[in-house]
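We number each residue from 1, following the sequence as shown. Predicted model only: the values in this text are computed from it and were never measured.
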Amino acid sequence: QVEVVESGGGSVQTGGSLTLSCVVSGVTLSGTCTAWFRQAPGKEREGVAARYARKDRTAYADSVQGRFTISLDNAKNTLYLNMTNLKPEDSAMYYCAAQCSRAGGPWLSPPREYNYWGQGTQVTVSS
């Protein structure tokens, strides 16, 4: 049974930083693709950062490039999203996704490419 659990969300002011964590059991993250998505109220779920372990490649949405970093701790089987210089438009529920349905990567879209999801962790950035 696969379990995906995110944590680390919270409320910060503009310019602040947060690091999200995603602990996964049942899937070895070092051998597959992983990603962070976010969804704000009334908007579609969008990919913000993705990682393809086998080629050590990453991809970022233009809106977060240079501010967010996706990383993996193989020993802990934990995915991270380090977010800096946060903006109000970064406010959303953030979801961790693991194991792609198709080969290759990293995939920022569509969300259906990923087989396993967590319940999300809320990030709120105030101005």
Side-chain angles (χ1 to χ4, degrees):
Q1 184 175 354
V2 178
E3 186 174 23
V4 180
V5 181
E6 305 99 331
S7 63
S11 297
V12 297
Q13 294 187 329
T14 298
S17 300
L18 283 173
T19 297
L20 307 183
S21 301
C22 173
V23 180
V24 179
S25 59
V27 172
T28 301
L29 298 183
S30 61
T32 189
C33 47
T34 51
W36 288 95
F37 286 75
R38 68 186 180 187
Q39 188 167 20
K43 295 188 176 181
E44 293 186 354
R45 189 168 296 191
E46 64 168 342
V48 296
R51 187 175 183 279
Y52 181 45
R54 292 179 181 178
K55 297 291 186 181
D56 198 24
R57 290 197 296 244
T58 57
Y60 297 92
D62 289 344
S63 59
V64 307
Q65 182 75 46
R67 300 188 297 121
F68 290 13
T69 303
I70 187 172
S71 62
L72 176 63
D73 185 326
N74 291 334
K76 296 181 179 180
N77 210 42
T78 299
L79 187 72
Y80 298 97
L81 184 67
N82 184 43
M83 306 183 294
T84 63
N85 192 21
L86 283 162
K87 306 175 181 180
E89 52 264 42
D90 294 318
S91 297
M93 186 71 78
Y94 282 71
Y95 298 91
C96 173
Q99 193 183 80
C100 299
S101 298
R102 57 171 164 163
W107 308 116
L108 284 173
S109 65
R112 65 175 181 271
E113 291 296 340
Y114 291 86
N115 295 326
Y116 301 108
W117 293 82
Q119 293 300 307
T121 185
Q122 179 69 40
V123 172
T124 302
V125 185
S126 58
S127 57

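Heavy atoms only, all atoms of each residue included: Tyr60 and Thr69 are closest at OH-CA, 3.4 Å. Across all non-hydrogen atoms, the minimal contact from Ser127 to Thr14 is CA-OG1, 3.3 Å. Of all the heavy atoms in Ala49 and Leu108, the pair that sits closest is N-CD2, 3.5 Å. Residues Gly47 and Ala61 share a closest heavy-atom pair of O-CB, 3.5 Å.
For the pair Thr78/Leu72, no side-chain contact is recorded, criterion being any heavy-atom separation below 4.5 Å from C-beta on. Between Val27 and Thr32 there is a side-chain heavy-atom pair separated by less than 4.5 Å. Side-chain contact between Leu20 and Thr121 is present, with heavy atoms from C-beta onward closer than 4.5 Å. Side-chain contact between Val48 and Leu81 is present, with heavy atoms from C-beta onward closer than 4.5 Å. The side-chain heavy atoms of Val24 and Thr34, taken from C-beta on, include no pair separated by under 4.5 Å. Side-chain contact check for Ser21 versus Ser7: some heavy-atom pair is nearer than 4.5 Å.
Crowding of Arg102 atom CZ: a count of heavy atoms from other residues, nucleotides or ligands under 6.0 Å exceeding 12.
For Gln39, the side chain to side chain donor-acceptor pair (under 3.5 Å) criterion is met by Arg45, not counting sequence neighbours. Contacts of Asp56 classified as side chain to side chain donor-acceptor pair (under 3.5 Å), with partners at least two apart in sequence or in another chain: Arg51. The side chain to side chain donor-acceptor pair (under 3.5 Å) search around Thr19 returns Asn82, not counting sequence neighbours.
The structure places CG of Leu29 at 6.5 Å from CG of Leu79, a figure rounded to the nearest 0.5 Å. Of the inter-residue distances, the one linking Asp73 atom CG with Cys22 atom SG reads 12.5 Å to the nearest 0.5 angstrom.
Residues Val23 and Val4 do not share a hydrophobic cluster, clusters being chains of Ile/Leu/Val/Met/Phe/Trp/Tyr side chains in contact below 4.5 Å.
Applying the salt bridge (charged side-chain N to carboxylate O under 4.0 Å, His left out) test to residues at least two apart or on different chains, none of the pairs has a partner in residues 10-20. Contacts classified as disulfide (SG to SG under 2.5 Å) and involving residues 46-84 (residues at least two apart or in different chains) are not found. The ring pair (Phe, Tyr, Trp, His ring centres under 6.0 Å) contacts involving residues 63-93 comprise nothing, where partners must be two or more places apart or lie in separate chains. Residue pairs meeting the disulfide (SG to SG under 2.5 Å) criterion with at least one member in residues 52-90, sequence neighbours excluded, do not occur. The salt bridge (charged side-chain N to carboxylate O under 4.0 Å, His left out) analysis of residues 1-12, with sequence neighbours excluded, yields no pairs. Within the structure, no pair that satisfies the salt bridge (charged side-chain N to carboxylate O under 4.0 Å, His left out) test touches residues 117-127, not counting sequence neighbours. For residues 20-55, the set of pairs meeting the ring pair (Phe, Tyr, Trp, His ring centres under 6.0 Å) definition, not counting sequence neighbours, comprises Phe37-Tyr114, Phe37-Trp117.
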For residues 83-101, run the donor-acceptor check on the side chains, cut-off 3.5 Å, and write out each pair with its distance to 0.1 Å, sequence neighbours left out.
| residue | atom | partner | partner atom | Å |
| --- | --- | --- | --- | --- |
| Thr84 | OG1 | Arg67 | O | 2.8 |
| Asp90 | OD1 | Arg38 | NH1 | 2.9 |
| Asp90 | OD1 | Arg67 | NH2 | 3.0 |
| Asp90 | OD2 | Arg67 | NH1 | 2.8 |
| Asp90 | OD2 | Arg67 | NH2 | 3.3 |
| Asp90 | OD2 | Lys87 | N | 2.8 |
| Ser91 | OG | Pro88 | O | 2.9 |
| Ser91 | OG | Val125 | N | 2.8 |
| Ser91 | OG | Val125 | O | 3.4 |
| Tyr94 | OH | Arg38 | NH1 | 3.0 |
| Tyr94 | OH | Asp90 | O | 2.6 |
| Gln99 | OE1 | Asn115 | ND2 | 2.9 |
| Ser101 | OG | Glu113 | O | 3.1 |
| Ser101 | OG | Asn115 | OD1 | 2.9 |

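Members clustered with Val5: none, using a 4.5 Å side-chain heavy-atom cutoff among hydrophobic residues.
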